[in-house]
Amino acid sequence: MADKDIIKLIIAENQQFVKSIKFHKRDYFFEDNLNYVLVGLRRAGKSYLLFQQIHHILDNGHDIEEILYFNFEDDRLGMMTISDLDTIKTAYEEMYSSTPIFFLDEIQIVNGWEKFARRLADRGYRVFVTGSNAKMLSSEIATTLGGRYMVTEVYPLSFKEYLRFKNIDLEERNVLYSHAVDISRHMESYFQYGGLPEVGERQDKRAWTSGLFNKIFFGDLISRYQIRNDYALNILVRKLAESVKQPLSYSRMAAIVSSTGKKVSTDTVIDYVEYMKESWLILPIENICAKLADKASNRKYYFIDNGILNLFLTDPVSSLLENIVAIQLCKQYGNNVFFYNDKVEVDFYIPESETAIQVTHSLNDASTLDREIEALKKIGNHLPVKKRILITRNENTQFEDSQIEVLSLKKWLLQK
């Protein structure tokens, strides 16, 4: 059982800690009087959002004594059980007479946490929960929480947020002109090294990202799922990175991994891919026009952050370009992002807005340009299309055909 005196010390220390935090506001909004579960990749900024919400609550007249922020990765806690969660609540009640607002950070470490979270909600407490494992969204846990929590997926920084972290205020008049050089420089860093909040402050960005990937690989994958064939999983990650723009079937992945000398079955590959998805490493996208079986078994796979993807690429530009578009679309539309591959190939299709998007590095290759434009036109013969967009690395132009909007990646990201 956890030591109550240590828990009281942690509660008091955390109150002073979160009150002193300085931060740039992220583009997330939480409604008053609702409970939230924040999920996402390690280091994507879930704790940061808790701090942001705590400051919002304090700014609205609440006292710091009402804040019960608890990080379950604190090394003073040891292995905690579900009974220890009640000890946290009891320790707080012995310290203060206020009704606490719970901020439970990385709570997935404690088995059975969802029962405690539901009980708090049932008793009328406000609760914010974070976790790095998408199993927090499993049907069993969703059933246990019983609709009492809103689920918010936390992604790495958008480019607008990244600029805000670099003290560039896009609301400032003429900022795109007055900070044009800085914005272009930050765009290049964001493109290559991604939007994880900490990476922008690191000198050796690649080394930091590599260290993070190793924690995900060995902690969130190998250890959590008790994978014995780590070599095969490593090969699979690399193959998904190399093929980020192309559909891959499970059987094809199994054959590629097996050809390196470590035999794996298709069933094992299916499990590995699901584990990577649950750990928020990859974003699968289905072919909207495929038959049911192919929708699940022959998908395109993107990585949650360009910095992680770039660890595995030797010629990265076109892959990073399409990957960053996928991240932003998945952040905005969730699971309602598809590609189209039947009569023509279109990189992304969004049913909600009836938008077709192609991604190409440059407009200089006439044959490539003609192919991309033709696909954007012809997809309208098969799906409803109100908007057609061609995203390039750096070019903005205007075609005579006003059906197609051509935007550089930077301009498109700043519009999102």
Side-chain angles (χ1 to χ4, degrees), residues 159 184 187-188 190-192 238-249 252-253 256 283-290 294-295 298-303 306 309-310 312-330 333 337-351 353-416:
F159 186 51
S184 294
M187 177 74 252
E188 189 60 32
Y190 182 76
F191 182 81
Q192 291 191 40
R238 292 176 180 277
K239 183 58 187 176
L240 289 176
E242 288 176 3
S243 308
V244 78
K245 298 179 293 183
Q246 304 298 326
L248 271 180
S249 68
R252 173 68 177 151
M253 286 186 262
I256 291 170
L283 302 167
I285 293 180
E286 297 177 352
N287 183 0
I288 194 169
C289 65
D294 285 339
K295 278 184 187 294
N298 195 27
R299 300 181 289 186
K300 294 204 306 189
Y301 298 91
Y302 296 94
F303 279 64
N306 263 30
L309 173 61
N310 202 10
F312 307 103
L313 301 177
T314 54
D315 185 19
V317 175
S318 62
S319 294
L320 292 177
L321 179 60
E322 189 167 321
N323 194 75
I324 207 169
V325 173
I327 295 168
Q328 300 306 318
L329 290 174
C330 289
Y333 296 102
V337 179
F338 301 87
F339 68 97
Y340 181 87
N341 189 348
D342 188 7
K343 307 298 182 184
V344 294
E345 296 181 17
V346 175
D347 295 326
F348 302 103
Y349 177 75
I350 316 300
S353 59
E354 297 183 354
T355 300
I357 299 174
Q358 290 285 61
V359 181
T360 186
H361 178 254
S362 173
L363 303 177
N364 292 332
D365 187 324
S367 62
T368 299
L369 180 59
D370 289 343
R371 184 178 67 247
E372 305 286 19
I373 292 174
E374 192 70 11
L376 283 174
K377 290 180 178 179
K378 286 186 175 180
I379 189 176
N381 298 330
H382 311 286
L383 293 170
V385 180
K386 290 181 180 177
K387 194 169 186 179
R388 296 168 170 86
I389 302 174
L390 181 60
I391 299 174
T392 72
R393 179 67 178 92
N394 290 306
E395 297 155 295
N396 295 291
T397 190
Q398 187 69 44
F399 289 154
E400 292 181 7
D401 188 339
S402 59
Q403 294 182 57
I404 300 174
E405 186 177 11
V406 182
L407 298 171
S408 69
L409 177 66
K410 179 173 68 177
K411 187 172 182 179
W412 181 75
L413 289 174
L414 290 177
Q415 284 184 354
K416 301 304 289 178

Inset, instruction - Run through Thr368, Thr360, Ile404 and flag the one making a side-chain contact (heavy atoms from CB on, under 4.5 Å) with Ile373. - result: Ile404

Inset, instruction - May I ask you to test the Glu405-Arg388 pair for a side-chain heavy-atom distance under 4.5 Å? - result: no

Legend entry - Full working for side chain to side chain donor-acceptor pair (under 3.5 Å) between Lys245 and Ser318: CA-CA 9 Å; Lys245 298 179 293 183; Ser318 62; 2.8 Å; yes

Legend entry - Nearest-0.5 Å distance, CG of residue Leu321 to CD1 of residue Ile391: 7.5 Å

Legend entry - Euclidean distance, Leu376 CG relative to Arg371 CZ, rounded to 0.5 Å: 11.5 Å

Inset, instruction - Go through the steps for Tyr349 and Phe338 under the test ring-ring contact (aromatic ring centres under 6.0 Å, His included), then give the verdict. - result: CA-CA 5 Å; Tyr349 177 75; Phe338 301 87; 7.7 Å; no

Inset, instruction - Check whether any side-chain heavy atom of Asp347 sits under 4.5 Å from a side-chain heavy atom of Tyr340, and report yes or no. - result: no

Legend entry - NZ/NE/NH1/NH2 to OD/OE distance under 4.0 Å, Lys378 and Glu374: yes

Inset, instruction - Take Phe339 and Val346, measure what side chain to side chain contact (heavy atoms under 4.5 Å, CB included) needs, and give me the verdict at the end. - result: CA-CA 6 Å; Phe339 68 97; Val346 175; over 6 Å; no

Legend entry - Side chains of Asn341 and Pro247 in contact at under 4.5 Å (non-hydrogen atoms): yes

Inset, instruction - Verify the neighbour count for atom CG of Asn381: are there more than 12 heavy atoms of other residues, nucleotides or ligands below 6.0 Å? - result: yes

Inset, instruction - Apply side chain to side chain contact (heavy atoms under 4.5 Å, CB included) to Val325 and Trp412, showing your working. - result: CA-CA 9 Å; Val325 173; Trp412 181 75; 3.8 Å; yes

Inset, instruction - Examine the side chains of Ser184 and Lys410 and answer whether a donor and an acceptor come within less than 3.5 Å of each other. - result: yes

Inset, instruction - To the nearest 0.5 Å, tell me how far Gln358 CD sits from Ile389 CD1. - result: 11.5 Å

Inset, instruction - Indicate yes or no: at least one non-hydrogen side-chain atom of Leu320 is less than 4.5 angstrom from one of Asn310. - result: yes

Inset, instruction - Could you tell me the separation between the OG atom of Ser249 and the CG atom of Asp294, rounded to the nearest 0.5 Å? - result: 9.0 Å

Legend entry - Spatial distance of atom CD1 (Ile324) from atom CZ (Phe303) [nearest 0.5 Å]: 15.0 Å

Inset, instruction - State whether the side chain of Asn323 and the backbone N or O of Tyr302 hold a donor-acceptor pair below 3.5 Å, judged by distance alone. - result: no

Legend entry - Under 3.5 Å donor-acceptor, Asp342 side chain and Cys289 backbone: no

Inset, instruction - Only one of Val359, Ile288, Thr355 passes side-chain contact (heavy atoms from CB on, under 4.5 Å) with Phe348; say which it is. - result: Val359

Legend entry - Gln246 atom CD: more than 12 heavy-atom contacts under 6.0 Å: no

Legend entry - Within 6.0 angstrom of Lys343 NZ, more than 12 heavy atoms from elsewhere: no

Legend entry - Residue pair Leu248 / Arg299, side-chain heavy-atom distance below 4.5 Å: no

Legend entry - Point-to-point distance, once rounded to the nearest 0.5 Å, from CD of Glu286 to NZ of Lys295: 6.0 Å

Legend entry - Arg393 CZ: over 12 foreign heavy atoms closer than 6.0 Å: yes

